[in-house]
There are 2 protein chains.
Amino acid sequence: MGVTLERQRTLSERKHGDILAAASALFLRQGYRGTSMDEVATAAKVSKQTVYKHFADKEDLFRAIVADSTPRSGAIVAGVEAAYASGAGGAERALERTARALIDGALLPEATALRRLAIAEAEQFPDLAAAYYGAGPLTGVGAIMGVLAQARDGGAPLPTDLATAAHDFAHVAVSGLIDLALFFPSQVVPDAVRAERARAAVAVVLRA
Amino acid sequence: MGVTLERQRTLSERKHGDILAAASALFLRQGYRGTSMDEVATAAKVSKQTVYKHFADKEDLFRAIVADSTPRSGAIVAGVEAAYASGAGGAERALERTARALIDGALLPEATALRRLAIAEAEQFPDLAAAYYGAGPLTGVGAIMGVLAQARDGGAPLPTDLATAAHDFAHVAVSGLIDLALFFPSQVVPDAVRAERARAAVAVVLRA
DNA sequence: CCCATACGGTACTAGACAGTCTAGTTTTTG
DNA sequence: CAAAAACTAGACTGTCTAGTACCGTATGGG
């Protein structure tokens with residue numbers, strides 16, 4: 001998790017990162033109330049006092065790990081845009097790659113865990129839920145709209161209403177699979193199902 | 001909540017219902033860990049001792065309220081099927097009513113609260129999450145497939161793959177709105193947005 | 001009408017948890 | 001190299017919580 005082998009990090013910075021990483025793993029797996037500060041300190045191999053040196057209180061630590069995790073949704077979006085441009089084949093193949101990248105990104109364990117956490121704590125931390133929604137679903141659909149615009153410029157037969165098309169594309173591709181991931185945390189969605197959903201998403205927008 | 005004015009319920013039965021109702025409201029709003037047994041007893045206007053007379057422990061009570069709430073998803077499904085049959089107009093109008101019923105059902109506050117709860121506790125109570133998924137999303141898509149079959153028999157131009165069509169229909173209609181409800185618990189999705197989603201869902205399946 | 005059963009209220013046990021404090025050690029830095 | 005700052009370990013406070021015990025009162029079937 002961002003532990004990028006920096007050559008001369010100070011001890012304090014290393015501890016800060018350790019605490020964030022440990023808290024991240026615990027909060028994502030056990031939720032806010034299900035995780036204790038003692039657990040965090042132990043998992044980070046750090047004294048409790050040090051935890052409170054770096055973060056004012058539990059809520060502060062929680063906000064920090066969510067703020068730290070949310071940007072990773074941006075990486076998924078970037079992957080989606082890259083998937084369209086890369087590779088061979090016509091618009092249909094390119095859109096299928098796009099859908100597949102979206103699906104694989106959305107089903108990453110950290111992504112689904114963060115989503116579950118944001119939903120679970122939406123009442124207690126509405127600002128975090130809103131931030132997640134903006135960085136995740138919202139920019140995701142925006143990116144897809146951009147890709148569809150490219151495809152239409154390239155001559156693909158797409159509807160005029162690209163906002164609706166992007167919405168349809170995204171939800172046909174990922175919503176059912178995200179449901180599976182949220183309700184069955186331990187299960188992995190098989191490759192064949194992902195491919196089928198990607199095809200369905202392309203089919204939905206490629207006829208107008 | 002099932003409090004149907006039965007003429008001569010015994011005191012014990014009344015208390016049982018009071019506890020269920022109070023616990024239901026609290027768990028749905030505050031989650032499992034966020035709700036204490038003292039709170040439940042106070043809200044139900046019952047002594048704590050009585051709570052433990054009716055339910056072995058907190059987990060038992062929680063399972064009871066989820067088991068009590070989940071069947072209500074079935075009522076939503078029934079409403080969806082009824083919406084197709086009722087009213088005037090051709091297949092397109094009927095499908096639009098179907099989508100609208102699905103949307104309104106999914107956005108009921110109790111429905112979204114239960115969904116949030118099932119997702120939040122999916123790791124701790126995987127069996128409850130699975131039961132919810134079966135009673136909610138799964139039977140919902142099944143019901144829509146039935147409606148689409150009816151529509152096709154009536155001459156509507158639908159794809160041959162009705163399972164995929166039902167999946168697409170359901171997710172284009174409700175998934176985006178459910179996201180909104182989950183991430184922004186206090187907001188209400190306006191009527192115009194619901195209507196637009198219903199139209200989009202019909203448009204997606206009515207061209208094959 | 002009577003007795004088992006359920007109730008209310010409240011006090012209690014036992015443990016978890018957030019956050020503080022102390023006292024001594026290590027790291028950073030000027 | 002010395003002072004400042006960050007670290008460790010663990011005890012400690014106050015609060016909350018699940019679940020139990022006690023005891024006196026109300027309910028309701030036989």
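Keep in mind it's a predicted model, so treat the numbers as computed, not measured. Any value given below was found using the heavy atoms of this structure, including those in side chains, with hydrogens, waters and symmetry copies removed. Every chain is numbered from 1, with letters handed out A, B, ... down the list of sequences.
Distance A/Glu13 CD to D/dC7 P: 11 Å, rounded to the nearest Å. Remark: P of C/dG19 and CG of A/Leu61 are 10 Å apart, rounded to the nearest angstrom. Atom pair B/Ile19:CD1 and D/dG19:C1' shows a separation of 15 Å (rounding to whole Å applied). What separates CZ of A/Phe62 from P of C/dG19 is a distance of 14 Å, to the nearest Å. C/dC7 atom P lies 11 Å from atom CG of B/Asp18, rounded to whole Å. For A/Asp38 and C/dG15, the CG to P distance is 16 Å, given to the nearest whole Å.
For the segment residues 26-35 of chain A, residues with any heavy atom less than 4.0 angstrom from an atom of DNA chain C are, sorted by number, A/Thr35. Across residues 39-55 of chain B, B/Lys48, B/Gln49, B/Tyr52 each have a non-hydrogen atom less than 4.0 Å from an atom of DNA chain D (numbered order).
Comparing atom distances between the B/Asp57 side chain and each of D/dG19, D/dA18, D/dT8 picks out D/dG19 as nearest.
Salt bridge B/Asp168/A/Arg197: present, at least one basic N to carboxylate O contact under 4.0 Å. Using a cutoff of 4.0 Å between basic side-chain nitrogens and carboxylate oxygens, A/Asp104 and A/Arg97 are not scored as salt-bridged. B/Arg63 and B/Asp68 are not joined by a salt bridge, as no carboxylate oxygen comes within less than 4.0 angstrom of a charged side-chain nitrogen. Between B/Asp18 and B/Arg14 there is no salt bridge, since no side-chain nitrogen of the basic residue lies less than 4.0 Å from a carboxylate oxygen of the acidic one.
A distance of 5.5 Å separates CD1 of A/Ile144 from CZ of A/Phe169, quoted to the nearest 0.5 Å.
In this model, the phosphate group of C/dC17 is not approached by any side-chain N or O of A/Lys58 to a distance below 4.0 Å at OP1 or OP2.
A/Val66 has its side chain out of reach of A/Tyr132: every pair of non-hydrogen atoms, C-beta onward, lies at least 4.5 Å apart.
Relative ring orientation between B/Tyr32 and B/Phe27 is described as parallel, the plane-to-plane angle staying below 30° on a 0-90° scale split at 30° and 60°. Ring pair A/Phe184/B/Tyr133 is perpendicular by interplanar angle, where above 60° counts as perpendicular and below 30° as parallel.
Residues in residues 111-120 of chain B take part in these side chain to side chain donor-acceptor pair (under 3.5 Å) pairs, two or more places apart or across chains: A/Asp179-B/Arg115.
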